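Fair warning: this is a prediction, and the values are worked out from it, not measured in the lab. Reminder, nothing fancy here: chain letters follow the sequence lines and each chain counts from 1.
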Amino acid sequence: MKNFNGKALFIDRSDINTDEIIPAKYLTEISRESLKAYLLEDLKLEEFDPTTDLAGKSVIITRDNFGCGSSREHAPWALEANGINLVIAENFARIFKQNMFNCGMLAVELPSETIGKIFKLFAEKESIVEIDLNRSAIVIKGDGQQEEFIFSISDFDRALVETGGWVEYADSKY
Amino acid sequence: MGKTVAEKIFASHIIDNPSGDINVIRLDAVFCHEITTPGAINDLIARGKDKVFDPSKIKAVIDHVSPAKDSKTALQGKILRDWARRHKITDFFDIGRNGVCHAIFPEKGFVRPGYTIIMGDSHTCTHGAFCAFAAGVGTTDLEVGILKGVCAFHYPKTIQISITGSLGKGVYAKDVILSVISVLGVNGATNRVVEFAGPVIDSMSMESRMTLCNMAVEAGATCGICYPDMTTVEYLWEFIQDEFKSKDEALEKYSEFAADPDAEYDRIIDHDVSNLEPQVTFGYKPDLVKNVQEMEGEKVDQVYIGSCTNGRIEDLRIVAEVMKDNRISDSVRCIISPATPRIYQQALEEGLMKIFMDAGACITNPTCGACLGMSNGVLAEGEVCASTTNRNFNGRMGKGGMVHLMSPATAAASAIAGKITNSRLYASE
């Protein structure tokens with residue numbers, strides 16, 4: 001299994017599309033590692049600078065409909081190349097969410113009130129996210145404060161994360 | 001209880017139910033292009049599994065950057081080309097015979113009512129116009145589709161949108177779908193199939209239905225679907241005439257896939273388009289839509305007419321109708337990209353190309369090109385494009401560029417005026 005723990009990057013915007021996550025001009029790159037430098041290059045957000053804001057971050061916490069638009073799996077690949085294997089959001093676009101699990105990565109959905117609370121409590125702090133997949137629990141720690149949140153994950157998605165992705169799963173079964 | 005279209009298609013395609021509402025379905029076709037497929041091919045090779053489940057069910061095209069613009073895009077094309085040859089994928093379309101995937105695959109008769117189709121491209125939902133379940137997927141789903149001919153989906157929930165009333169002059173399928181997206185919002189149909197029903201759809205051509213279904217994903221939908229009728233059968237007849245004794249027999253067979261009257265829907269929406277005006281987007285999301293009148297006079301640097309949304313012959317005929325005997329404004333550059341060689345040829349034969357050239361347009365070969373800012377008309381920072389494509393995301397057609405989505409008629413009128421303009425000013429009576 002991949003590592004899902006680490007420092008959180010808070011992105012306070014909904015409807016972040018995959019063109020913003022990785023612009024199409026970089027889809028000519030064949031190696032996944034070469035996408036690393038371009039993650040969130042076109043994100044439309046005041047005062048966001050990917051070159052500094054992404055440094056050392058392992059988890060993204062964001063709002064509604066993350067990953068909408070293009071089907072490009074380069075979006076999760078660019079996250080993974082930056083050591084980000086977990087995105088927490090109110091919800092995700094279908095293809096992006098499936099791509100995350102297909103790559104053995106985690107797309108965790110929490111209700112909008114919970115996301116709102118997380119932003120309020122932790123967005124301004126240096127916050128660390130720890131995940132306990134067996135208990136479907138997320139622990140967020142920051143500045144002496146700690147909160148636990150339970151999420152739901154289907155058995156299928158859990159199996160994809162545990163086996164490393166859809167190719168391994170499908171190849172052993174079909 | 002009756003079934004929706006997607007429920008009927010799933011009923012005959014489910015091979016496994018690994019958990020909850022997750023179903024693994026058998027695929028009738030796997031479509032491939034050179035941007036998202038090479039990653040799948042390379043990964044299969046690395047795993048020692050360079051195989052395909054059925055070469056006759058895999059269709060491949062080089063369309064996104066064609067001709068190749070540099071060494072990297074040339075390599076992507078080469079990987080797809082070599083793979084197609086290696087596995088005897090005979091339905092492979094290379095330059096000279098290639099077109100935008102969601103235009104050329106239906107044109108070749110590869111989409112049939114009741115089919116299940118995936119492609120590593122979000123606009124695969126286009127093919128639902130033929131009453132198929134067609135969904136965009138990522139490279140890993142595509143890889144498994146190529147290897148095993150299966151894909152996993154949540155059991156489909158469906159929103160039925162009934163398009164009622166009648167379309168006014170100068171108002172087209174593109175205006176209808178932009179107005180639908182503005183009602184649903186960019187994730188109003190996430191994890192849902194959208195069925196388009198009603199009298200306005202019944203009177204639409206297959207081209208218009210494809211325009212409509214193409215943008216279903218812009219509301220988050222898995223697939224947009226239209227019911228099969230004689231228009232569907234007529235479009236497909238050259239490919240299916242050996243399978244059926246008559247068109248009526250084909251229609252009877254295909255009608256089995258239409259939704260039952262007592263099908264259960266997640267949501268039913270009645271969308272009256274009688275007073276609909278031409279629609280134009282104004283921000284960086286496709287649900288930010290205004291009537292053209294509110295956008296009139298907005299600056300335009302480039303006009304782009306083409307793509308899997310609006311690069312078909314019907315679109316080019318409308319553009320020609322607007323452009324005939326007019327000149328494109330000196331302040332605007334206009335790029336027209338017929339979506340397939342057949343459309344290109346038809347446009348030549350019908351004299352449309354002469355109209356475009358006389359008006360001062362640049363005509364490119366079929367390719368996705370500028371729609372996603374990869375080639376053939378990328379915007380400079382601060383530039384504005386009036387476009388018949390499907391996405392107005394920040395940077396979509398070039399870093400720092402702005403895209404206004406609209407119909408071919410509005411785009412053509414805007415090219416002539418040099419600013420966003422209502423096509424009704426130009427359309428002939």
Revision key, fill the gap. Between Cys151(B) and the options Ile118(B), Leu142(B), Val144(B), Ile117(B), the side chain to side chain contact (heavy atoms under 4.5 Å, CB included) test singles out Ile118(B)
Check your understanding: Mind checking which of residues 122-147 of chain A sit less than 4.5 Å from chain B, heavy atom to heavy atom?
Key -> none
Practice item. Check whether NZ of the Lys or CZ of the Arg Arg63(A) lies under 6.0 Å from the centre of the six-membered ring of Phe119(A) and within 45 degrees of that ring's axis. Key: yes
Revision key, fill the gap. Under 4.5 Å to a heavy atom of chain B? For Tyr169(A) that would be side chain
Exercise for review: Scan side-chain atoms only and decide if Gln98(A) and His154(B) contain a donor-acceptor pair under the 3.5 Å cut-off.
Suggested key: no
**Study point:** Residue pairs fulfilling ring-ring contact (aromatic ring centres under 6.0 Å, His included) with at least one residue in residues 19-52 of chain B, sequence neighbours excluded
**Key:** Phe31(B)-Phe105(B), Phe31(B)-His127(B), His33(B)-His64(B)
**Study point:** Proximity breakdown for Ile95(A) and chain B, heavy-atom pairs closer than 4.5 Å
**Key:** side chain
Review point. In Å and rounded to the nearest 0.5 Å, what is the CZ to CG distance from Arg81(B) to Leu75(B)?
Key: 10.5 Å
Review point. Looking only at side chains, do Asn23(B) and His13(B) share a donor and an acceptor under 3.5 Å apart?
Key: no
Check your understanding: Highest number of heavy-atom pairs under 4.5 Å with chain B: which of Trp77(A), Phe92(A), Phe96(A)?
Key -> Trp77(A)
Revision key, fill the gap. Residues 14-47 of chain A vs ring-ring contact (aromatic ring centres under 6.0 Å, His included), sequence neighbours excluded, gives Tyr26(A)-Tyr38(A)
**Study point:** Residue-level contacts of residues 390-405 of chain B with chain A, using a heavy-atom cutoff under 4.5 Å
**Key:** Arg391(B), Phe393(B), Asn394(B), Gly395(B), Arg396(B), Lys399(B)
Exercise for review: State, without any angle test, whether Asn214(B) and Thr126(B) hold a side-chain donor-acceptor pair at a distance under 3.5 Å.
Suggested key: yes
